[in-house]
2 protein chains.
Amino acid sequence: MSASRTARERARAELIREIKAVARRQLAEAGATGLSLRAVARELGMVSSAVYRYFPSRDDLLTALIIEAYDDIGEAVERTDAALPREDLIGRWLACCRAIRDWALAHPHEYALIHGTPVPGYAAPEETVIPASRNGRALAGILRDAEAAGVLAPPTDLPPAPASFAEDAARLREHIFPPVSDDVILRALIAWTWVYGAVSFELFGMYRDVITDRAAAFDHGVLCMARMVGLPLPDGERPANG
Amino acid sequence: MSASRTARERARAELIREIKAVARRQLAEAGATGLSLRAVARELGMVSSAVYRYFPSRDDLLTALIIEAYDDIGEAVERTDAALPREDLIGRWLACCRAIRDWALAHPHEYALIHGTPVPGYAAPEETVIPASRNGRALAGILRDAEAAGVLAPPTDLPPAPASFAEDAARLREHIFPPVSDDVILRALIAWTWVYGAVSFELFGMYRDVITDRAAAFDHGVLCMARMVGLPLPDGERPANG
DNA sequence: CACAAACGAGAGCAGTGCTCTTGACATCGG
DNA sequence: CCGATGTCAAGAGCACTGCTCTCGTTTGTG
């Protein structure tokens, strides 16, 4: 299985790896539209048509890189989460969100690839749907542990989820979310949305001349979102209330 | 002034307008990277090099289109806001956010241009910074009216803004925000971030197989954000509390 | 051993952004 | 009124792109 039989297959797998490695480097330097199959081939010392033996088109190579990027950020978040004590819920939540931001800042072009404008005529294939949900899964796992520990206390002064969300909530509850109310599930999606919105805004320059200490502002937003879904805030961040 | 003197100047202005119109149509159809100077020229019945007399490079044409897009969405929001009674604060807030979403859904490629991945080596020039803040200004205006009416009641169970935000808050308070606390200003920025994050997620397919009734979910998120900044919720959405 | 599949190399097609030169035209000063 | 000046569209051309096709050659297998 893992040990490819023939030398040809081993060479093929190795070459695919090399192509992806070079492509990823070029992607990191020049961005998605700057990724050139010919340039990749040139750097590898072969001719452009040879690359087409391994990736039938430029978009296929791009798709492979997108999947790698999803895996990369997904693994970064999961590793961060796994390194923390399970009972430190808010610490895990904050760390996971920070991991997303840190990864994005370290890999701006790859982040743009997976959370930015889809390339020209490029439609995200089905293969990219599953890895895209990994980060959401990690955050949902924290919610699950919070629910199991009985510490989930969502604020009651927010509007109720719309009735049309009930079916979605039921499906999500079956697959990745703990058995919490529709409200909490939708708020978790809102939080998930915000995290990526904030990272995108920061990366695409929207906070220029607006927010200086973006790391601190990001943490603050993440804690606000945690409060919204019902996670207990750390003592230092809990406001004075009677 | 407005009446250009020579026939040559008039012809030039007219041609610039035509180029931008054709380019915008092509942009709407094929996206940013699908915008081809040669194709624009072809459709206008002239040769590619002639276009360079009016736009020194493809990026300059793109920049012009970006500015137009900012103006377009900015005007859409402001017109929406102006059409509502000033005292209907939450109605204006909701309508403005909906206007952003509606515009983005109607002009996905242009939205991607201004809030998606920056094009390859393209760095957003200074001209695009000012029009980018128009939408934020509209939302801040609602906050201003709410503060003036004395109905701003931000929840107290959220963490306080970090100290490092004080300088930014002071500057923003001088320019576009009403004299409210640092907390409220930062929460408004969080809300602003969320709105665009949600629109981007929807547009880029992140809600596929997650949220079905995206309009309702968007409204719900917008109301949650309104509650977070302290706007009074409409009666129908206010949860039962004592 | 023979045959088929896989392979690298090269030529070629249609397209791109952009530059440079050329010749026609309009505008303005003397 | 006429010539100098500047603007214009057009075309050729450069370097690049994704992609296809055809060559021999190499490699693995029946």
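Hydrogens, waters and symmetry mates are skipped; everything else that's a heavy atom, side chains included, is used. Naming: A, B, ... by sequence-line order, numbering from 1 per chain.
Spacing between atom CD of B:Gln26 and atom P of C:dG15 amounts to 14 Å, rounded to whole angstrom units. Atoms CD (A:Glu14) and C1' (C:dG8) sit 17 Å apart, rounded to a whole Å. Per the geometry, CD1 belonging to A:Ile19 stands 10 Å off P belonging to C:dC7, to the nearest Å. The OH-P distance, from A:Tyr52 to C:dG8, rounds to 15 Å in whole Å. In this structure, B:Leu62 atom CG and C:dG17 atom P are separated by 11 Å, rounded to whole Å.
Nearer the 5' end of DNA chain C, as judged by each residue's closest nucleotide, is the contact made by A:Tyr54, out of A:Tyr54 and A:Arg38.
B:Asp168 contributes a side-chain N or O that, together with a main-chain N or O of A:Thr212, makes up a donor-acceptor pair within less than 3.5 Å. With hydrogens and angles ignored, the 3.5 Å screen pairs a side-chain donor or acceptor of A:Thr6 with a backbone N or O of A:Glu9. Between the side chain of B:Arg53 and the backbone N or O of B:Arg12 there is no donor-acceptor pair closer than 3.5 Å. Proximity of a side-chain donor or acceptor of B:Arg58 to a complementary backbone N or O of B:Leu35 within less than 3.5 Å is detected. Without hydrogens or angle criteria, B:Trp93 side chain to B:Val222 main chain gives a donor-acceptor distance under 3.5 Å.
Nucleic acid contact class of B:Phe55 (heavy atoms, under 4.0 Å, all strands): none. Within the nucleic acid shown, B:Leu61 has no heavy atom closer than 4.0 Å to any nucleic acid atom.
Taking 4.0 Å as the cutoff to heavy atoms of chain A, we find the contact window on DNA chain D bounded by D:dT17 to D:dT29.
Because its NZ or CZ atom is not both nearer than 6.0 Å to the ring centre of A:Tyr207 and within 45° of the ring axis, A:Arg214 does not count as a cation-pi partner of that residue.
DNA chain D is contacted by B:Met46, B:Val47, B:Ser49, B:Ala50 of residues 42-51 of chain B, taking any non-hydrogen atom closer than 4.0 Å.
Applying the 3.5 Å distance criterion, the base of C:dG8 shares a donor-acceptor pair with the side chain of A:Arg53.
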Start with the C-alpha gap between A:Asp60 and A:Thr63, add the side-chain angles, then the distance that decides, and say whether side chain to side chain donor-acceptor pair (under 3.5 Å) holds. CA-CA 5 Å; A:Asp60 287 270; A:Thr63 299; 5.6 Å; no

Item checked: salt bridge (charged side-chain N to carboxylate O under 4.0 Å, His left out) between A:Arg137 and A:Glu78, worked out -> CA-CA 9 Å; A:Arg137 239 169 246 276; A:Glu78 286 165 13; over 6 Å; no

>> Under the criterion side chain to side chain donor-acceptor pair (under 3.5 Å), I'd like the reasoning laid out for B:Tyr196 against A:Ser200: C-alpha separation, chi angles, the key distance, then a yes or no.
In response: CA-CA 9 Å; B:Tyr196 279 97; A:Ser200 294; over 6 Å; no

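Distance check, rounded to the nearest 0.5 Å: CG of A:Leu65 to CG of A:Asp72 gives 11.5 Å.
Where the helix from C:dC1-D:dG30 to C:dG30-D:dC1 starts and where it ends, the local axes point in directions that differ by 0°; five pairs per end, rounded to 10°.
The environment of A:Glu167 atom CD is sparse: at most 12 non-hydrogen atoms of other residues, nucleotides or ligands sit within 6.0 angstrom.
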